[in-house]
Each structure stands twice: as C-alpha cells, then as structure tokens.
Amino acid sequence: MNIAVFETEEWERPAFLRLEPHHRVRCVAEPLDKRNAAEFSDAEIASPFVNSRLDASALSQFPRLKLIATRSTGYDHIDLNYCATHAVTVSNVPDYGDSTVAEHVFALLLAVARKLVVSVERTRRGRFTQTGLRGFELRDGVIGVIGTGRIGLRVIEIARGFGMNVLAYDLRPDEAAANRLKFTYTSLDELFSDSDVVTLHVPAASGTLHLLSDREFSRMKPGAILINTARGHIVDVEALVRALADGKLRGAGLDVLPQEPLIREEAAIFHQDAIRDAEDFKALVANHVLLRFPNVICTPHNAYNTEAALKRIIETTLANIEAFAQGTPQNVVSGH
C-alpha cells in the first residue's frame, strides 16, 4: 500500500521505513493540509500528527485513501464525518502518554506554585534575593480533576502522592477508581469553588468547547491555579486573560493554546486562509497576551514528549498500519 507519513522528524524515518518492502512509504516533514494534499493524492494510508488538518477540503484530494493512522490519542484534527461517508478508517494511539502527560501537569504546577522560572532567571543573572518568590506547598491542598480517563486517573495517583485532596468531575464517573484512589466525584460548580488547582483532561468536542469561560472563572476559588494539558479550545482564552488580569487566578500552566499553528509560525498569520474570522484573531491576540503574564507558564504542546512515549507512539502506529493491511484493524475510532 502507498503510505504517506506527515510531520516526521529524521529519527522517525528509519522506524517507518521498516514497513518496506511490503509497502511504499513516503516520509515528509511538513504537516498535511489542503494546500499540499494534492502532492500525496495516491496515498492509501496517511499517518499525521496533531498539527495536520485533515478536513474535507484536504481529504477530498485523496481518492484512494483507506486509513488514517494518527500518531496521537486525540483526533479532533480529522473530519470523522467525511471519513465515515467515504469508507476511510481512522485509528489512533490510545494510551501512549498517561504518565508522560500526567507528570508534565505537575511540572507545570510546581513551576507556577514555586515560581521556578523567575527564580532560575534571577539566579542566572547573579541575583540570589528571595524577594517576591514565596510559593505554596501542595500537601493538603485540593486539586480538581476534570476528566478521569487514563491521564486524569494518573494525575490523581500523583496528587495523592503529594498528599493532596482530590475532587473530580466526569460524565461517566469511575466509582471503583474513586474508592481505590480515595477521591470524590462532585459537580463542576463545587469543583471550581473548592479547588486550589483545576486541571483539565477532557477531549476536544462540541461539548467541551470553552468549558471554562467567564462564568466558570467567576466560580473558581480566589487564588486558584489552572493547568491545561488537554486542548486549547477547552478554555476561553479571552476569559482566562481577564481572570488573570483581575487577580482571580494565582496563575496558570498551559501546554496547549487555541491557534497553536499560528503561534508556531507567525508569518502564517498573513496567509489568506490562516484566520477565518474576528474570533480567531481575538484568540490569537489573547494568546500573545498570556505569554507575557509572569504568573503563566506556557510550554509548546510538549507534555507528550518523552523518549518512552514517542517509542510507544511509533510502535503502536506501525502495528495499526500492519493490522489494517492484514484486514484486522485495531485501535479504530471511526471505520467500516
């Protein structure tokens, strides 16, 4: 089968070339979108990562496409409706980053709680004063975990190790896990009002768009910290700027933001298709304002990025492709 692998780094190429000679493999560095899709129109299998945009305008240029093997857990960058009506199977990597992402949550949280970035910058300049660097400890604090899937439960395990009390919210509560890990499910409003830290672990979907906006921030405990390693659009970024500017929040640790591709490559802002409407432009401006708050730590969608997790991504993706080629698809999120 003809396979096109997008967003590949040099170290990934030898792994994907293991699919040869049974398949024809083409590895490219750039993401896939409607602007370059025609170059790969003969592909029967496409393997994108999260910066590709597989919407109908891109997918319609793949008349032979049979499988999208995304190298991610989330698949909001793929038009599943198009795939369902055009007999395209979609597979993902469901569990590569449970510990990896959960550990990054606490890297962000500790960095905010203990003002690590400011501390390091100060000592590198030869200043060892502690003025303005007082932080707070996690023990006996309350962490509110929104979403108790694999990553959310791993966050709870780590939080319990820190001696934190845990509140959780999920549309499908896992009471067995709550009993085992000793945490309590509650309503969103109670979680917001009682938590010193709120961390997000829900997928991007219509029901989670702007799950946190002005109303939710107004209900949060004064001085709380927000951590987001899920998806940028779960948080109304303009409302977050207001909550930080008003002093409602102590700070935020963010690994994801809306309009990430435009932030990565600022020249892309001026492409005619880059910004669809005024709301996109406002979100982009709000992102840049966030990056300048001293009590906000931003990382570049890097929570997944460990050697162990990347190895799991590659091996699971290769297995997904081989299983499909043999007529036994696995890890299918949409298909026939």
Side-chain angles (χ1 to χ4, degrees), residues 72-74 92-114 116 135-205 207-208 211-212 216-217 219-221 223-232 234-235 240 249-256 297 299 301-306 308-309 312-313:
S72 59
T73 299
N92 73 338
V93 183
D95 56 2
Y96 69 89
D98 305 355
S99 293
T100 300
V101 175
E103 290 170 10
H104 196 78
V105 167
F106 284 88
L108 291 171
L109 176 54
L110 289 168
V112 175
R114 302 308 300 267
L116 289 185
F136 69 94
E137 61 186 41
L138 303 186
R139 184 176 180 84
D140 295 326
V142 177
I143 185 168
V145 179
I146 300 178
T148 55
R150 292 185 180 94
I151 296 172
L153 290 179
R154 182 65 183 130
V155 167
I156 290 171
E157 290 177 351
I158 296 172
R160 297 296 294 153
F162 274 100
M164 301 187 79
N165 301 302
V166 181
L167 298 176
Y169 174 84
D170 199 291
L171 291 175
R172 292 179 292 277
D174 185 343
E175 295 295 348
N179 290 332
R180 175 171 56 88
L181 296 174
K182 296 180 172 51
F183 68 90
T184 303
Y185 281 105
T186 186
S187 68
L188 274 179
D189 279 351
E190 290 182 357
L191 184 149
F192 289 133
S193 65
D194 294 346
S195 297
D196 301 295
V197 179
V198 173
T199 180
L200 305 176
H201 303 287
V202 294
T208 60
L211 182 65
L212 269 70
E216 289 70 33
F217 287 122
R219 283 163 168 72
M220 287 179 68
K221 189 175 184 178
I225 290 174
L226 174 67
I227 305 293
N228 188 9
T229 55
R231 286 292 186 267
I234 295 170
V235 177
L240 175 56
L249 298 184
R250 182 189 296 263
L254 309 171
D255 188 53
V256 288
I297 304 293
T299 52
H301 206 144
N302 200 49
Y304 74 95
N305 193 11
T306 65
R312 289 191 288 268
I313 289 172

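Values reported hereafter were calculated over all heavy atoms of this structure, with side chains retained and with hydrogens, waters and symmetry mates removed.
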For residues Leu188 and Leu211, determine if any side-chain heavy atom of one lies less than 4.5 Å from a side-chain heavy atom of the other.
-> yes

At what distance, to the nearest 0.5 angstrom, does CG of Leu212 lie from CD1 of Ile146?
-> 5.5 Å

Might you point out which heavy atoms bring Leu191 and Ser195 nearest each other, and give the distance in Å?
-> O-OG, 2.6 Å

Going through the checks in order, is the side chain to side chain contact (heavy atoms under 4.5 Å, CB included) test met by Val198 and Glu216?
-> CA-CA 11 Å; Val198 173; Glu216 289 70 33; over 6 Å; no

Side chain to side chain contact (heavy atoms under 4.5 Å, CB included) between Arg219 and Glu190: does it pass, once the steps are laid out?
-> CA-CA 9 Å; Arg219 283 163 168 72; Glu190 290 182 357; over 6 Å; no

Look at the rings of Tyr304 and Tyr96 and say which category their plane angle falls in: under 30° parallel, 30 to 60° tilted, over 60° perpendicular.
-> perpendicular

Contacts of Asp95 that satisfy side chain to side chain donor-acceptor pair (under 3.5 Å) - sequence neighbours left out | none

Partner set under side-chain contact (heavy atoms from CB on, under 4.5 Å) for Val101, not counting sequence neighbours = Ile151, Thr229, Ala303

Should Leu167 and Phe192 count as side-chain neighbours, where that means a heavy-atom distance under 4.5 Å?
-> no

Please identify each residue that fulfils side chain to side chain donor-acceptor pair (under 3.5 Å) with Ser193, with sequence neighbours left out.
-> none

Of all residues at least two apart in sequence or in a different chain, which pass the ring-ring contact (aromatic ring centres under 6.0 Å, His included) check with Phe217?
-> none

Which heavy-atom pair separates Ser72 from Asn92 by the least distance, and what is that distance?
-> O-CB, 3.2 Å

Could you tell me which residues satisfy ring-ring contact (aromatic ring centres under 6.0 Å, His included) with Phe183, sequence neighbours excluded, listed by chain and number?
-> Tyr185

Contacts of Glu137 meeting side chain to side chain donor-acceptor pair (under 3.5 Å) (sequence neighbours excluded), chain-then-number -> none

Could you list the residues that satisfy side-chain contact (heavy atoms from CB on, under 4.5 Å) with Asp196, not counting sequence neighbours?
-> Val142, Lys221

Identify, with sequence neighbours excluded, every residue that meets side-chain contact (heavy atoms from CB on, under 4.5 Å) alongside Ala205.
-> Thr208

Applying the side chain to side chain contact (heavy atoms under 4.5 Å, CB included) test to Val166, which of Leu181, Val145, Val155 qualifies?
-> Val145

side-chain contact (heavy atoms from CB on, under 4.5 Å) partners for Val112, two or more places apart | Ile225, Ile297

With rounding to the nearest 0.5 Å, note down the distance linking NE2 in His201 to CG in Leu153.
-> 10.0 Å

Pair listing, side-chain hydrogen bond (donor to acceptor under 3.5 Å, both in side chains) test, anchored in residues 150-177, at least two apart = Ser99-Arg154, Thr148-Asp170, Arg154-Glu157

Pairs satisfying salt bridge (charged side-chain N to carboxylate O under 4.0 Å, His left out), at least one member in residues 96-109, at least two apart = none

What's the verdict on side chain to side chain contact (heavy atoms under 4.5 Å, CB included) for Leu110 and Phe162, showing C-alpha distance, side-chain angles and the deciding distance?
-> CA-CA 11 Å; Leu110 289 168; Phe162 274 100; 4.1 Å; yes

With a 4.5 Å limit on heavy-atom distance, are the side chains of Met220 and Leu249 in contact?
-> yes

Would a 4.5 Å heavy-atom cut-off, applied to side chains only, mark Ile158 and Val105 as touching?
-> no

Tell me, do Phe106 and Ile143 make a side-chain contact under 4.5 Å, heavy atoms counted?
-> yes

Locate the shortest heavy-atom distance separating Leu108 from Asp255; write the atom from each residue and the value.
-> CD1-N, 4.2 Å

How would you list, by chain and number, every residue that makes a side chain to side chain donor-acceptor pair (under 3.5 Å) with Asp194, sequence neighbours excluded?
-> none

